[in-house]
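Since the structure comes first, as structure tokens, the remarks are kept for the end.
These numbers come from a predicted model, not from an experiment.
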Amino acid sequence: MNNKIKILLFIFIFSGHNLWSQDRFAVINIELSKLAKTVDGLNQTIDFSASGATIPDFVRALGLNNKINVSIDPSINGHVVYNFSGVVAKDILLFLCTEYDLDIKLIGSIISIHKYRAPIIEMKYIPKEIDVKYNRKEELLSINLHNDSLFLVAKALTNITGKNIILSPKAKNVIVSTYITEMPVEASISKLAYSNGLEYSLTKDGFYLLSISQNTKSNNKKGNQKSNETQSKLNVTVENNLISVESWNANISDVLIEVSEECGENYFLLTPIEEQITMAIHSVSFEEFLLFILTGTEYSYSRNNESFYIGKKDEKGLKLTKVIQLQHRSVVDFSNYIPSSLKSELEVIEFNEQNSLIVNGSYSLILKLEEFILSVDKVVPMVIIDILIIDNKSNYTIATGISAGLSDKPVNTSVSLLPGVDVTLGAQSINQLINSFNGYGLVNLGKVTPNFYLSIKALEANGVIKVKSTPKLSTLNGSEAELTLGNTTYYYEERNDVISNQSTQNITTKQYKSLQADFKVTILPIVSGDEQVTLEITVDQSDFTGEVVDGAPPGQVTRSFSSVVRVKNGEMILLGGLEEKTKSQEARGIPILSRIPVLKWLFSSRKKEKKSSKLNIFIKPTIVY
């Protein structure tokens, strides 16, 4: 019955192919006639003779002569030896198609000629019906087999008897023949195995296992196998769509066939897999099973709707392009963090506009890359850093002594007794004081000149300056935050340039130049898993000192330190203060007399000064998600 159906299908397909060829030329004729309405060259009557010209050259000459836009596949073989007289161009093109099995495709007014490729008509495989009968009442089995597939036989016996019959991987392709009538199930299976050189056993869980006997040769689709070939073992169970597989030295193709049949999954094996595998996995999905079984091999898989395609990784059908969008991290330079084992077999492009990666490669590797990205694409904590900067400056100054001299003009008398003694006596006041002394002594002092002055000082000063700054910085975990507070001062610079040419010229350039003094804090926060923050801190501070001489650039002093500290979320730490102390002592007086005790207070002036500056920095990090 089945053979008759196959013969009828063959006759139908063969005759249909001939009908299709005739219809094809009719369609070409209709298409050329439609185009001829707009392309006059197709309707022109021509006289054309060709002897030994190739088909592409003949067609190009026809198109050039009749002004027809024509393109022909240069790989078309064959030579034209014809003499055409009074024939229109479109009939010549149709003749070439029928004579040399060509096809024509119209693209606007362009005629494209190429070799005809017949459509492939696939015949659906109709499996042979297995002749087995089962008397369920008396539990007797009848088998009539002749060159039948053992796999289909086992499947038919399982369905009709309800007894589970499984095959070893190498026994699935075995062809069996036997005739048994009205025998118990176990005895029938035993005789089936014996008559075809198979081994039969009953497992602990009630399964009938058929495998190739080690003492005989089995006839299968791959040919005879030697009796000393290593025996394989395969056990597959499926519960709630979760797969458990135990295999030892089993062929990967056999494992795929067994598992896919148990799960009812559709798959296409693009390349035969000859490798063997020993594995034990439990309760995994079919896709997870494919990842396990193909890991470490040169094979991969892809998924299209409900079907899986399996083959070598470099197969074009297994490669795909996918856009993976990052949720929490920036895609800029993200490809640098992808492990080289993944990136070497994938093409990865950063798509900054959509914060995404465009990945091209095998499906299984893209899945592994997605798994890696999922593990690192986490919410990056933000660290808010509160900085409290306190700069304390204090100074102590004491100035004492007497000074006298002549000024350019008369000096007015001024007296300050509080908070310190600062008396300046002009010539008029000094002369009045001299006049009051002259009447009581033997010596009369003369008057001083009008520009003479006398200054007496006894002053002590204390000063404290406290500057407090409270900036706040925010930065992502692992990103550096920087704070800079600057102070700029200017000094005057004059430059003279002398240029000698025919005459000497003196060019004077005057400009103000700047000097920068900054307070700079750089902090790199790193958040750990227990929400403690490691801070890498660098502090640089520079300040101006006094001018050495008038008009010179001011001096600068620089203080800096770096530290690495660890602090809990929300706690404040104090960094060691930067402290600076300055002591100075200045004395002026008449030589020798300024060193004599008691007299030195009359013939000298002295000044002592103490300065101190201390910088304290308090830092408090706060983690925000």
Report yes or no: does Ser285 contribute a side-chain atom to a donor-acceptor pair with the main-chain N or O of Glu288 at less than 3.5 Å?
yes
So Leu290 and Leu256, side-chain contact (heavy atoms from CB on, under 4.5 Å) or not? Walk me through it.
CA-CA 8 Å; Leu290 289 178; Leu256 285 171; 3.5 Å; yes
Are there more than 12 heavy atoms of other residues, nucleotides or ligands under 6.0 Å from atom CZ of Phe372?
yes
Are side-chain heavy atoms of Val323 and Leu357 found at a separation under 4.5 Å?
no
Taking the six-membered ring for Trp, is the centroid-to-centroid distance between Phe308 and Phe286 below 6.0 Å?
yes
Donor-acceptor contact present, side-chain Ser479 to main-chain Thr475, <3.5 Å
no
Got Ile55 and Asp57 here, is their nearest side-chain heavy-atom distance under 4.5 Å?
no
Heavy-atom neighbours of Phe95 CZ exceed 12 at 6.0 Å:
yes
Whether Gln325 side chain and Gln354 backbone form a donor-acceptor pair below 3.5 Å:
yes
From CD (Glu199) to OG (Ser190), nearest 0.5 Å
11.5 Å
Just wondering, are more than 12 heavy atoms of other shown residues or ligands nearer than 6.0 Å to NZ in Lys133?
no
Measure the shortest side-chain to side-chain distance between Val174 and Leu167 over non-hydrogen atoms and say whether it is less than 4.5 angstrom.
no
Working to the nearest 0.5 Å, report the span between CD1 of Ile175 and CG of Leu145.
11.0 Å
Tyr301 and Glu287: side chain donor to acceptor below 3.5 Å:
yes
Given Lys163 and Phe207, is the side-chain contact (heavy atoms from CB on, under 4.5 Å) satisfied, shown in steps?
CA-CA 7 Å; Lys163 308 291 184 181; Phe207 284 74; over 6 Å; no
Got Ile111 and Leu42 here, is their nearest side-chain heavy-atom distance under 4.5 Å?
yes
Check for a donor-acceptor pair, side chain of Asp91 on one end and backbone N or O of Val87 on the other, with a separation under 3.5 Å.
no
Can you find a heavy atom in the side chain of Leu367 that is under 4.5 Å from one in the side chain of Glu370?
yes
Indicate yes or no for a side-chain donor-acceptor contact from Thr158 to the backbone of Ile165 under 3.5 Å, with no hydrogens or angles considered.
yes
Gap separating the CD1 atom of Ile243 from the SG atom of Cys263, nearest 0.5 angstrom
3.5 Å
Shortest non-hydrogen separation from Leu94 to Leu32 and the atoms involved
N-CD1, 4.4 Å
Taking the side chain as every heavy atom from C-beta outward, state whether Val255 and Val259 have any atom pair closer than 4.5 Å.
yes
Just how far is it from atom CG of Asn144 to atom OG1 of Thr178, taken to the nearest 0.5 Å?
9.0 Å
Please examine the side chains of Leu369 and Leu346, heavy atoms only from C-beta on, and report whether any two atoms are closer than 4.5 Å.
yes
Over all heavy atoms of both residues, which pair between Leu535 and Pro621 is shortest? Give the atoms and the distance, please.
CD1-CG, 4.2 Å
Taking atom CZ of Phe292 as the centre, report whether more than 12 heavy atoms of other residues, nucleotides or ligands fall under 6.0 Å from it.
no
Atom OG of Ser142 and atom CG of Leu140: how far apart are they, to the nearest 0.5 Å?
7.5 Å
Heavy-atom pair of closest approach, residues Ile273 and Asn251
O-OD1, 3.2 Å
Ion pair Asp530/Arg566, N-O distance below 4.0 Å:
yes
Between Lys378 (side chain) and Arg329 (backbone), is there a donor-acceptor pair under 3.5 Å?
no
Has Phe351 got more than 12 heavy atoms of other residues, nucleotides or ligands less than 6.0 Å from its CZ?
yes
Nearest heavy-atom neighbours spanning Ser109 and Leu35:
CA-CD1, 4.0 Å
Quick one: do the Glu139 and Tyr134 side chains pair a donor with an acceptor below 3.5 Å?
no
Taking all non-hydrogen atoms of both residues into account, name the closest pair between Leu198 and Ile212 and its distance.
CD2-CA, 4.1 Å
Less than 4.5 Å apart, any side-chain heavy atom of Leu157 and any of Leu192?
yes
What heavy-atom pair brings Asn569 and Ile623 nearest, and what distance separates the two atoms?
OD1-N, 2.9 Å
Is a salt bridge present between Glu31 and Lys105, judged by a nitrogen-to-oxygen distance below 4.0 Å?
no
Is it true that Ser335 and Glu350 share a donor-acceptor pair across their side chains at a distance under 3.5 Å?
yes
Hey, is the main chain of Lys155 close enough, under 3.5 Å, to the side chain of Asn159 for a donor-acceptor pair?
yes
Any donor-acceptor N or O pair under 3.5 Å, side chains Asn360, Thr321:
yes
Yes or no on side chain to side chain donor-acceptor pair (under 3.5 Å) for Glu275 and Tyr299, after CA distance, side-chain angles and deciding distance?
CA-CA 10 Å; Glu275 298 183 22; Tyr299 300 91; 4.9 Å; no
Please confirm whether the backbone N or O of Val331 pairs with a side-chain atom of Asn355, one donor and one acceptor, at under 3.5 Å?
yes
Please report the C-alpha distance between Ile324 and Ile373 in whole Å, then the side-chain angles of each, then the deciding distance to 0.1 Å, and finally whether the side-chain contact (heavy atoms from CB on, under 4.5 Å) criterion is met.
CA-CA 9 Å; Ile324 305 175; Ile373 292 176; 3.9 Å; yes
For Ile281 and Val284, run side-chain contact (heavy atoms from CB on, under 4.5 Å): C-alpha distance rounded to whole Å, both residues' side-chain angles, the deciding distance at 0.1 Å, then the answer.
CA-CA 7 Å; Ile281 57 175; Val284 297; 3.8 Å; yes
So, the side chain of Asp148 versus the backbone of His146: is there a donor-acceptor pair under 3.5 Å, distance only?
yes
Measuring from atom OG of Ser330 to atom CG of Asn352, what distance do you get when rounded to the nearest 0.5 angstrom?
7.0 Å
Can a donor-acceptor pair be found, under 3.5 Å and without considering hydrogens, that links the side chain of Ser75 to the backbone of Asp73?
no
